Amino acid sequence: MRAASVLESAISPQILPPNPRRQIHKHLPRDGAAAMADDFATPWPSSSPAPPPARGGVYQVGGVPVEFPYKPYGTQLAFMGRVITTLDRARRQGRSHALLESPTGTGKSLSLLCSALAWQRHYPLRAPPAAAADPFLHGGGFVPDDTQQQKATPGVPEKAAKKRNAPIIYYATRTHSQITQVVRELRKTSYRPRMAILASRKHYCVNQNVCMSDNIDEQCKKLLDDKVQGCPEFKNAQKLSRHPALQTGGCYEVHDIEDLLRVGKQVKGCPYFAAQTMAEAAQLVFCPYNYLISPIVRRAMDIDIRGAVVILDEAHNIEDISRDAGSVDVDEDSLDNLGGELARLAINQAVANIYQPLYDVIEGLRSWIADQKDNVRDIEFDHPASLYVLWNLVFLLT
């Protein structure tokens, strides 16, 4: 509490007159990659939604003018101040982390969006802030980090990073439905960045035949591999990503998953691949946690978080999500099939040095399971299943 009160008094909010440069503009749709280079240095235009209520204004927070749709509470100013301070420190040092907490109903999501987008907008207009004595350097919820050069992100192929005038913002939530709630908060603001929402095929597929399948992912991949028939929606993915309704000034400039689905059905375009195309030129990308945590998903979605601003909303869920991302459920039949396939590969001298160690691991695991048959117990009342108590498995595999 003492830290929060000190931070509150150090921010000194100041209401500024409206920016005369902020006018409503309408642009013709442009290709996302071509539009990327020049949109950070100028204020974003307003959009079709009504402007924020008159009781809102522009507040100087940490040297950054932040447009807020309402008169902010002291806790919101303190929260936004910590966000901007952390981002400034990351700009000086190469990276920085902050753990910020605020009670339910205090407008955390709105404060996160406004402060991060304001910092991003003014990134090319501000010189890197000089290092200054920070009373919160060792407290106030800030987690200091070392200043060493950041290493390449695991799971992301080495390639030239996309040139941007300001860092891209990844806003991650636990579920897809929570993204809709955050987008609703974004609509309340005057900020209209180029945005994209990454979601699964299950949420985005509009192909009627694939949607009726039990395994949408597999059916989608099979259809894409079909050179004769193919997927007509996939062929129109680019058309959907450039649809005027999703561009600056369009009715779905700020959109959620349902909005993109609606437009996709109208133009018969694939929202799943359109969202990935839009993310390449986006300034703000929404996605579930596992899109950033799992290196496999990052590789599949071509996500590179080097130099990006990463926001994990409701971060108390991150421990369970990380544990799930690093876990796998395998039944005994799958292990038997895998062992048989590896055994056939291991006798091939050309690849034996690759598959023989894998075969040894699987065989060791199968042998251990066979020895532990007496320790099996049933779980779940309606659906009994076998659960092995794997006390010594880690020693076996190492």
Side-chain angles (χ1 to χ4, degrees), residues 32-42 44 62-64 66 80 82-100 112-131 134 142-173 182 191 193-198 275-313 315 318 322 325:
M36 181 177 8
D38 59 345
D39 279 4
F40 283 112
T42 57
W44 292 321
V64 176
V66 179
M80 291 189 289
R82 295 313 302 158
V83 172
I84 292 175
T85 299
T86 302
L87 294 175
D88 283 342
R89 183 178 285 108
R91 188 173 185 181
R92 292 194 306 267
Q93 300 179 354
R95 59 176 172 171
S96 185
H97 306 293
L99 179 63
L100 305 176
L112 273 170
L113 287 169
C114 289
S115 54
L117 290 171
W119 182 88
Q120 183 193 58
R121 174 191 289 179
H122 292 86
Y123 183 93
L125 307 178
R126 300 171 65 224
D134 186 354
F142 180 75
V143 182
D145 196 8
D146 59 67
T147 58
Q148 297 178 358
Q149 183 67 27
Q150 187 173 3
K151 298 180 180 179
T153 303
V156 177
E158 287 295 330
K159 62 179 182 179
K162 297 181 178 69
K163 292 184 178 180
R164 296 177 181 271
N165 288 344
I168 184 175
I169 298 175
Y170 286 100
Y171 196 111
T173 64
V182 179
Y191 295 101
R194 291 190 308 275
M195 62 165 290
I197 301 178
L198 299 178
Q276 295 183 43
T277 300
M278 296 168 67
E280 293 177 1
Q283 298 161 313
L284 175 63
V285 176
F286 295 101
C287 61
Y289 289 153
N290 61 310
Y291 280 61
L292 302 181
I293 294 174
S294 171
I296 297 176
V297 177
R298 287 205 308 271
R299 186 186 305 115
M301 303 297 292
D302 195 21
I303 296 176
D304 187 356
I305 59 175
R306 289 176 295 180
V309 176
V310 177
I311 298 175
L312 303 177
D313 200 2
I318 202 67
S322 300

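Since the structure is predicted, the reported quantities are computational estimates derived from the model, not experimental observations.
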Compare all side-chain heavy atoms of [X] with those of [Y] and state whether any distance is below 4.5 angstrom.
X      : Y      : value
Ile305 : Tyr170 : yes
Leu117 : Val66  : no
Phe286 : Leu198 : no

| request: Under the side chain to side chain contact (heavy atoms under 4.5 Å, CB included) rule, what do Tyr291 and Met301 come out as? Steps first, then yes or no, please. | output: CA-CA 8 Å; Tyr291 280 61; Met301 303 297 292; 3.7 Å; yes

To the nearest 0.5 Å, how far apart are [atom1] in [X] and [atom2] in [Y]?
X      : Y      : atom1 : atom2 : value
Ile311 : Thr173 : CD1   : OG1   : 12.0 Å
Arg89  : His97  : CZ    : NE2   : 12.0 Å
Arg95  : Gln93  : CZ    : CD    : 10.0 Å
Leu99  : Leu312 : CG    : CG    : 10.5 Å
Met80  : Leu112 : CE    : CG    : 10.0 Å

Q | Tyr123 six-ring face occupied by Arg91 cation (under 6.0 Å, within 45°) | A | yes

Note to self: Using side chain to side chain contact (heavy atoms under 4.5 Å, CB included), reason through Ile197 and Cys287 one step at a time and then give a plain yes or no.
What the structure shows: CA-CA 6 Å; Ile197 301 178; Cys287 61; over 6 Å; no

Can any side-chain N or O of [X] pair as donor or acceptor with the backbone N or O of [Y] at less than 3.5 Å?
X      : Y      : result
Ser322 : Ile318 : yes
Gln120 : Gln283 : yes
Arg298 : Asp304 : no

Locate the shortest heavy-atom distance separating [X] from [Y]; write the atom from each residue and the value.
X      : Y      : answer
Leu87  : Ala116 : CD1-CA, 4.3 Å
Pro124 : Asn165 : CB-O, 4.2 Å
Ile168 : Ala279 : CD1-O, 4.2 Å
Pro167 : Ala308 : CB-CA, 4.4 Å
Tyr191 : Ala118 : OH-CB, 3.2 Å
Gly62  : Ile84  : O-CG2, 4.1 Å

message = What verdict does the side chain to side chain contact (heavy atoms under 4.5 Å, CB included) test give for Asp88 and Thr86, after you've listed the backbone C-alpha separation in whole Å, the side-chain angles of each residue and the deciding distance to 0.1 Å?
response = CA-CA 5 Å; Asp88 283 342; Thr86 302; over 6 Å; no

Sorted by chain and residue number, the side chain to side chain donor-acceptor pair (under 3.5 Å) partners of Asp313 (sequence neighbours excluded) come out as Ser109, Tyr171

